[in-house]
Amino acid sequence: MTEPDPASLHPAQGQRAAVGVDEWVARSGERQESLPGALGAAQRAFGRVGWWPRLAAAVVLGAIIPQLGLNDFQFQIGINMLLLALLAVGLNISVGWAGLLDLGYIAFYGFGAYAFALLSSSQIGGGIHWPAYASVPVVMIAAGVLGLLVGLPSRRLLGDYLAIVTLFFGEAFVEFTNNVASSKLGGPNGITSIDPYKGFGAQITTNKGYFYLLLVLLAVVCAALHTLDRSRLGRAWRAVREDPLAAGLMTIPVNRVKLMAFSFGAAVAALAGTVFAAQQISVFPTDFDTPFLILIYAALILGGAGSIGGAVIGGLIIAITLDGFLRSPTQSGYIFYGMIVLTLVVKLRPWRKLGVVAAAIVVFGLAMHAIVGALSASAVAGGPQSSGWIADVVRHWVIVPSNPNGPGNIGFVILIAALIALVQLRGRWRTALIVPTVYLAVCVWEARLVSQPAITRQLLIGAILIVMMNARPQGLLGSRRVEIV
Amino acid sequence: MHKFLTLLVDGLTTGALYALLALGYSMVYGVLKLLNFAHGDLYMIGAFIGYFVIQWFGGSTALSIPVPLLLVIMFGLAAAATGLLGVAIERFAYRPLRDAPRIAPLITALGVSFFLENAVLLLFGSQTKIYNTSDFISFNGGIHLGALNIDVVRIMIIVLAIALMVGLRLLVDRTKLGKQMRAVAADREAAEMLGINVDFTIAATFFLGSALAGVAGVMSGLVFNQVYNLIGFVAGLKAFTAAVVGGIGSIAGAVLGGFIIGMAESFITGYVSPTYTNLIVFGILIAVLILRPSGLLGRVTLQKV
């Protein structure tokens, strides 16, 4: 027997696997993308830390940050972040683990909020004012049962039909609260003056209190779900996601496992709903509309579906970006320009090419500004609509007409066309097209998008879903999934 | 009786819209097995294009061209624009995901739909646009039977929709492109091996389906008058319901389903209560899916392993 040549098992990068060696084995190193240098060392060190210490560290970090002295508004942003993270973690059960597209998820969140509101207000009867330790478990169990009922069609339905049935369930929930049961649920006026979380003689009324409550709840839910993920049920979910037929042949009760995924997700969403209702003191049908569902999906996809940490981080990033930064034009400018620079740095290699493109963008902008300014003075008369030093830098570089709405709209449409073209092109043409596209993006941003933060937020969420699914379906932090042949 | 007939005509009109939309859903689902959530938004964009054509030619009260020509331009432009948009969406968002897990293109479709809705909001504002159809097409024309009025717009829409459906049926059954589409729907890999240009066929399917959605959008503007950026979402859902009820992948099924949903909606609104319309329509869908998942005219397909 001859020893196998070690070189053939570990071929140098760029070299093709030797004949006779399984390519999948030979390229195992590439699948675990490791960064070079200090970053790589940090990554490896991080990888050696277990899951539980990481959770503990995250909780400690979350508990310390507010001690730096946050005001009430900043605590509200913190609450939104943790709430979205909790929702994304719950959605991860059915979407990430079991692979079921649950588009009615938002209705469970709404159900939790409304059920808590009914049990903790004067809305029905003479007024039920249960303490939180009684009402929250009841609401969660009820949501779990409701999840079972909604999931029942999944016994018969494949992925797409299931998506549509659950989407209808979500629509029906909004319809129900708005029109059908408006006498009890308040219709569009919602339910107001809901009790805070209370029990054992204490109650939580401040934003700071809800922040810590959510932090604890999120940690507990994550810990519970992590245990669940490592259990028989967690493995069964992943088996069902990868191949329901094979899972069934392995004696996994496919339907029951799917229903449980729905049920657990619904319970987590309902928990988030109770906190939302208690903290807001009021609930309205519009709080549980489709745009928020898409937001939760964006959070899950951005962080990486299938991992608890990914869902949490995705939720935190999306919430702080949308609620924290995109509110003010200056900070949203940092995000926008930062994203452009980051994309260029990541996508353009080597450095020489990046330098040339950056210089070309600057020169192109100056030239365009000069040409358009010479043709028509009013076409460059408007100043950038963002403020701060960025506006001063780009003032004599971007084209912003005195009446920016119409041209800004046209620019927006052309920009989308240019982005589509950019994806299709390859090589030199692509590099060449980057220059006008980036310049156009900046012009459209300064002329139109900055002044419409609400719409820009929504556009961004839609774009995140499209781009992430196409470019990096595993999410920002997920590891590349091994292809199953 | 009079109320019944009025509701019947209403049901036929909305049914025709749903049927046209359902055809697009069904075709795209046939070739890609993708539930294209953005389809309803193409319908919305078609309605907007029709509105801007009216504005371009002087507005509803002072049209500078004859009405038939205006209608031809509205339908033609809306069909061409939404068709091309559909092709662009396929190329940009769905093609890279053709071999990805099923859930990936679905989430992308959700993102495309959301993006389109908000892009339209950015471009055209949140104000509802009004067609004012009665300014240029008299409500008094058409068929009068006693107290029953069937105005010209409704007649035109029902006739045009049926003509398009027949045309599509002929295209799919008789032409080479139709044969290619059926082949790709049956088995994409096998079709590719037989030398069929799969990319082109899928693009053509998207064009046809999206163009039908654009036409349906202009029709909805003419009948319902109101156009805003969210009309596509619920209409798209109901049209998908129609496609499923009729049997997805089948042209006759999509048409039948469209008319069933349209009628159901009209009669529930008329005889029961408008409040419950959507809930009952969704209930029909869930009942059909649970009792007969392949739809009324669909064939039961065996799962291949």
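Below, chains carry the letters A, B, ... as their sequence lines are ordered, and counting in each starts from 1.
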*Which bit of A/Ile294 comes within less than 4.5 Å of chain B, counting heavy atoms only: side chain, backbone, both or neither?*
side chain
*At a heavy-atom separation under 4.5 Å, does B/Val281 approach chain A through its side chain, its backbone, both, or neither?*
neither
*Contacting moiety of A/Val95, where chain B heavy atoms sit under 4.5 Å*: both
*Okay, side chain of A/Asp243, backbone of A/Ala246: is any donor-acceptor separation there less than 3.5 Å?*
yes
*Please check if the side chain of A/Arg457 supplies one atom and the backbone of A/Leu322 the other of a donor-acceptor pair under 3.5 Å.*
yes
*Quick one: of B/Pro105, B/Ala88, B/Pro96, who has the most non-hydrogen atom pairs under 4.5 Å with chain A?*
B/Pro96
*Which bit of A/Phe168 comes within less than 4.5 Å of chain B, counting heavy atoms only: side chain, backbone, both or neither?*
both
*Side chain A/Asp289, main chain A/Pro291, donor-acceptor under 3.5 Å*: no
*Checking B/Val244 against chain A: side chain, backbone, both or neither under 4.5 Å from a heavy atom?*
side chain
*Per-residue contact mode, A/Ile464 against chain B (heavy atom under 4.5 angstrom)*: neither
*Who among B/Ala109, B/Ala119, B/Ser273, B/Gly283 has the most heavy-atom pairs with chain A under 4.5 Å?*
B/Ala119
*Are the side chain of A/Arg448 and the backbone N or O of B/Leu122 linked by a donor-acceptor pair below 3.5 Å?*
yes
*Given a strict heavy-atom distance threshold of 4.5 Å, which part of B/Phe124 is in contact with chain A: side chain, backbone, both, or neither?*
neither
_chain B contact via A/Leu449 - side chain, backbone, both or neither, heavy atoms under 4.5 Å_ = side chain
*Counting only heavy atoms closer than 4.5 Å, note whether A/Ile301 contacts chain B via side chain, backbone, both or neither.*
side chain
*asked:* Is A/Leu167 close to chain B through its backbone or its side chain, or both, or neither, when contacts mean heavy atoms under 4.5 Å?
replied: side chain
_Where A/Ile461 and A/Ala298 come nearest, the two heavy atoms and their spacing_ = CG2-CB, 3.7 Å
*Is any NZ, NE, NH1 or NH2 atom of the basic residue among B/Arg98 and B/Asp199 found under 4.0 Å from an Asp or Glu carboxylate oxygen of the other?*
yes
*chain A heavy atoms under 4.5 Å from B/Arg91: which part of the residue, side chain, backbone, both or neither?*
both
_What I want to find out is whether A/Glu171 reaches B/Lys238 closely enough, with some N-O distance under 4.0 Å, to be called a salt bridge._
no
*Sort A/Gln452 into side chain, backbone, both or neither according to what part of it lies under 4.5 angstrom from a heavy atom of chain B.*
side chain
*Can you name the nearest heavy-atom pair linking B/Tyr228 to B/Met44, along with the distance?*
O-CG, 3.5 Å
*asked:* Is B/Tyr94 in contact with chain A via its backbone, its side chain, both, or neither, using a 4.5 Å heavy-atom distance?
replied: neither
*asked:* Taking B/Ala78's backbone N and O only, do any of them form a donor-acceptor pair with B/Thr82's side chain (distance below 3.5 Å, no angle check)?
replied: yes
*Measuring heavy-atom distances to chain B, does A/Thr290 have an atom under 4.5 Å in its side chain, in its backbone, in both, or in neither?*
side chain
*Identify the heavy atoms of A/Leu100 and A/Ala261 that sit nearest to each other, and give their distance.*
CD1-CB, 4.4 Å
